Structures are given as C-alpha cells and as structure tokens.
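Note that this is a predicted model, so its numbers are computed, not measured.
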Amino acid sequence: MPVPKHILDQVKQLIPPLNGSLHKGQSGRVAVLGGALDYTGAPFFASISALRIGADLSHVICSPTAAGAIKSYSPDLIVHPILREDETTKSLHGPLSSLLSRLHVLVIGPGLGREDYMQRFAKLALTIAKEQAMFIVLDADALWMVGQDLSLVRGYRRAVLTPNVVEFKRLSESVDIDPKIPPEERAAHVSRALGGVTVLEKGSADIICTNTGPADSDAARISKVPEGESAEERVSVDVPGGLKRCGGQGDILSGTVGTVLAWGKCYEEGAFGDKSLPSSRIPLLAAVAGSMVTRTASRRAFEKYGRGVVTQDMLGEIGGSFAEHFGEGEKGWGAATETGKL
C-alpha cells in the first residue's frame, strides 16, 4: 500500500529549500553517540548517512578507542572522543551539554555497546537531550538500555525508536504487551505503553506508529506539545528493499531518520517554512521518510551488487533514493538526475 499522499506532502514541508536562503547549519546539525573499541563502523554509517541525505554537519560522540578509526573513514565527520572510561558523568555533563546545545538531533545506539561506562554516558546524553528539547533516535543497544529502565524515554514524544525483530520482541516484553495482539497492531501498543514515543518497527514492511493519549501538563512541557493533544496514527512503508539484509543497514536508517528530525527542528525554529505543521507530527514524518529512503537505497544497491552487497554500497544510493520519492528541484534533491538515477 503506498504511503498516503498527505504524509508525503507533509514530509516535503520539512525539507530545507535549496535556493540559497539558508546558511551553514540550517539544514541540520546531527549528533551520533556511539563507538567504542569493538564498534567503529556503526557510528560511521549513521553519521555519514546523515550527511548523504542532506544534513549540513554530522558529529560523532565516541570513546577515544574508536575515534582514530572513525576519523580515518571520512574527513567530513566531526569526531569528539570525549567518552573516556575514566571520566565521570559529573565531569562530562558540562562539555556534553555545551556540545548538544549547538545541535538539532541526537542519535543514540549505533556502536554504543553495553559496557558500563558507555551506557552511563548514553543515559546522561539522553537526559540532557530531553532537557534541551532535542529530537532523539534510539537504536541498537540504546534500545537495550531503555528496556532496562523505561522511565528514560517514557512520555518523551520527541523520540523515535527503531527496533528490529529481536529488539521489538524484547521491548514488547518489557512493557508487557499481550502476545495475542495481532502483530500489525503491537507497535501502536508499545508506543502507547511508552507514553507516545514514535515506534518504527523494522520488518518486511516497516510499521510506524504514534499512539499518545492526551498529553498531561508534564508531557506537554517536556515534549513541547499542547496540553491535551492526542494522536493515534499508523503508517506502513512497504516500498521494495533489497533481498539481502546486511549488517549496518539499520545504522543508515538511524542517520536518515535523524537528519529529517534535524530538518524538523530547523523548521520548528523558523529557519524555513511556515510553521503550519505541529511539532508533534515531526517524529512520525521523519520515520516514514527515513524508512522510504533506506529501503530504496537497499534495493538500488542490491540491484547492482546482488548477494555480495554490503552496507557501504548503499551510501552512494541515498541521493538517488531520495530523488525517487521526493523529486528534484529546490525542495527535492536539488541536483538534476536522470530519471531518479544518480
């Protein structure tokens, strides 16, 4: 089933115009928190994908043990090796808060791992991001972290969770979802149980749900929505993807969703657009756009490389995938393409 036209039209409102009216940073400043000794590819894929879909600046906040490798992958990334194992959350709070205050969205999870110090710093970053009303993407081991303490994200409607099959099952069990509920309805129940976060359940078709219930005064304050606002919406994205699911594809999804959330923050702050879209729409719209682009990039890469496709092959397909769905011109990809093929 195609994504409804009104959803696509709303996504297009969040796309920064390529007409020379914006300065550096007004098309999104993205942060990815993750990357330790064993994991350097995942934060790279998330952060470089953010740039490849159109963010202006992409930062990686990582352990010093990962910084050298990530820097060597691309000079376009801004790498902050501040997550030192001997650091305390108290001493890190100031530098991390200062850094995040200059950015629009925080992606937590790619390459995070489960080491105690990385998990502590991820919790700290999540707390600071909520205090600063940032949009947030939670993936991979950040979802494991949330499963250990649901209060970390419960009620924060500016968050998007992107679980795969195993992560979604674990998350469903954490919030006591009845396994007898039809599979296509479970994401909505998880969203509601977590106080209205947006859930992007990855699968043969990606199911994206926001199910909030009325916002009380606390939810309205922390999520920047009107008191009493309620939303219940489900979108299925079944645009064809590749036939091989290689490791790292979820990191590309995190980066693309993160960039559209960053555009939403710029839109919300008045950098462009008319502010006719309520902020509460932005997480679902970003999840839909990121899903469509990532699935299409996977398909395009698979068509070229078949069984041997790897995640790096998808990076060069992000632009053409964006153009397939959102066109060219100043509110599309900007550069001319040949029938959507870059």
Side-chain angles (χ1 to χ4, degrees), residues 24-89 91-129 132 134-142 145 247-259 261-263 265 310-312 314-316 318:
K24 183 176 70 174
Q26 289 185 310
S27 287
R29 301 187 292 271
V30 177
V32 175
L33 189 143
L37 182 61
D38 293 333
Y39 302 108
T40 60
F44 164 73
F45 285 131
S47 53
I48 200 68
S49 298
L51 292 178
R52 287 297 188 184
I53 196 175
D56 280 350
L57 298 167
S58 190
H59 299 246
V60 180
I61 305 169
C62 63
S63 164
T65 58
I70 296 170
K71 288 181 179 181
S72 74
Y73 298 153
S74 173
D76 293 295
L77 303 176
I78 304 167
V79 181
H80 306 270
I82 61 175
L83 307 182
R84 297 190 299 274
E85 191 168 3
D86 59 354
E87 191 80 71
T88 66
T89 53
S91 61
L92 185 62
H93 187 283
L96 191 54
S97 180
S98 176
L99 173 58
L100 294 180
S101 70
R102 305 193 297 273
L103 308 177
H104 296 121
V105 66
L106 175 63
V107 179
I108 308 177
L112 177 65
R114 299 184 185 179
E115 293 179 88
D116 287 345
Y117 78 101
M118 292 294 288
Q119 288 282 315
R120 285 200 312 273
F121 296 151
K123 291 176 185 178
L124 174 64
L126 177 55
T127 300
I128 294 170
Q132 297 182 0
M134 296 179 74
F135 288 107
I136 299 168
V137 180
L138 296 164
D139 187 36
D141 281 323
M145 175 184 77
Q249 187 168 316
D251 303 312
I252 289 181
L253 177 66
S254 295
T256 55
V257 172
T259 289
L261 286 171
W263 291 346
K265 182 70 169 175
V310 295
T311 301
Q312 189 127 351
M314 293 176 58
L315 297 177
I318 292 174

First locate atom [atom1] of [X], then atom [atom2] of [Y], and finally report the distance between them rounded to the nearest 0.5 Å.
{"X": "Glu115", "Y": "Arg120", "atom1": "CD", "atom2": "CZ", "answer": "10.5 Å"}
{"X": "Leu33", "Y": "Ile136", "atom1": "CG", "atom2": "CD1", "answer": "11.0 Å"}
{"X": "Met145", "Y": "Ile108", "atom1": "CE", "atom2": "CD1", "answer": "5.5 Å"}
{"X": "Leu138", "Y": "Leu106", "atom1": "CG", "atom2": "CG", "answer": "8.0 Å"}
{"X": "Asp116", "Y": "Met118", "atom1": "CG", "atom2": "CE", "answer": "12.0 Å"}
{"X": "Leu100", "Y": "Thr127", "atom1": "CG", "atom2": "OG1", "answer": "11.0 Å"}

Would you say [X] and [Y] make side-chain contact, with heavy atoms under 4.5 Å?
{"X": "Ser49", "Y": "Asp251", "result": "no"}
{"X": "Glu85", "Y": "Ser63", "result": "no"}
{"X": "Glu87", "Y": "Ile82", "result": "no"}
{"X": "Phe45", "Y": "Gln312", "result": "yes"}
{"X": "Phe44", "Y": "Leu315", "result": "yes"}
{"X": "Phe121", "Y": "Leu96", "result": "no"}

Can you name the closest pair of heavy atoms from [X] and [Y] and give their distance?
{"X": "Ala36", "Y": "Ala66", "value": "O-CB, 3.4 Å"}
{"X": "Gly113", "Y": "Asp141", "value": "CA-OD2, 3.3 Å"}
{"X": "Ala50", "Y": "Ser58", "value": "CB-OG, 4.0 Å"}
{"X": "Ala31", "Y": "Leu103", "value": "CB-CD1, 3.4 Å"}
{"X": "Pro43", "Y": "Gly35", "value": "CG-CA, 3.8 Å"}
{"X": "Thr40", "Y": "Ala69", "value": "CG2-CB, 3.8 Å"}

Determine whether a donor-acceptor pair (N or O, by modelled atom type, separation under 3.5 Å) exists between the side chain of [X] and the backbone of [Y].
{"X": "Gln132", "Y": "Ser97", "value": "yes"}
{"X": "Arg29", "Y": "Gly25", "value": "yes"}
{"X": "Ser101", "Y": "Ser98", "value": "yes"}
{"X": "Asp139", "Y": "Pro110", "value": "no"}

Could you walk me through whether Leu261 and His104 pass the side chain to side chain contact (heavy atoms under 4.5 Å, CB included) test, one step at a time? CA-CA 8 Å; Leu261 286 171; His104 296 121; over 6 Å; no
- Angle class for the His80/His59 ring planes (parallel below 30°, perpendicular above 60°, tilted otherwise)?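 It falls in the parallel class, under 30°.
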Query - Check against side chain to side chain contact (heavy atoms under 4.5 Å, CB included), Gln119 and Leu112 - result: CA-CA 8 Å; Gln119 288 282 315; Leu112 177 65; 3.6 Å; yes
Exercise for the section: Starting from the C-alpha separation in whole Å, work towards a yes-or-no answer on side chain to side chain contact (heavy atoms under 4.5 Å, CB included) for Leu77 and Leu51. Expected result: CA-CA 9 Å; Leu77 303 176; Leu51 292 178; 3.9 Å; yes
Review point. Under the side chain to side chain contact (heavy atoms under 4.5 Å, CB included) criterion, do Leu92 and Leu83 qualify, and how do the steps go?
Key: CA-CA 8 Å; Leu92 185 62; Leu83 307 182; 3.8 Å; yes
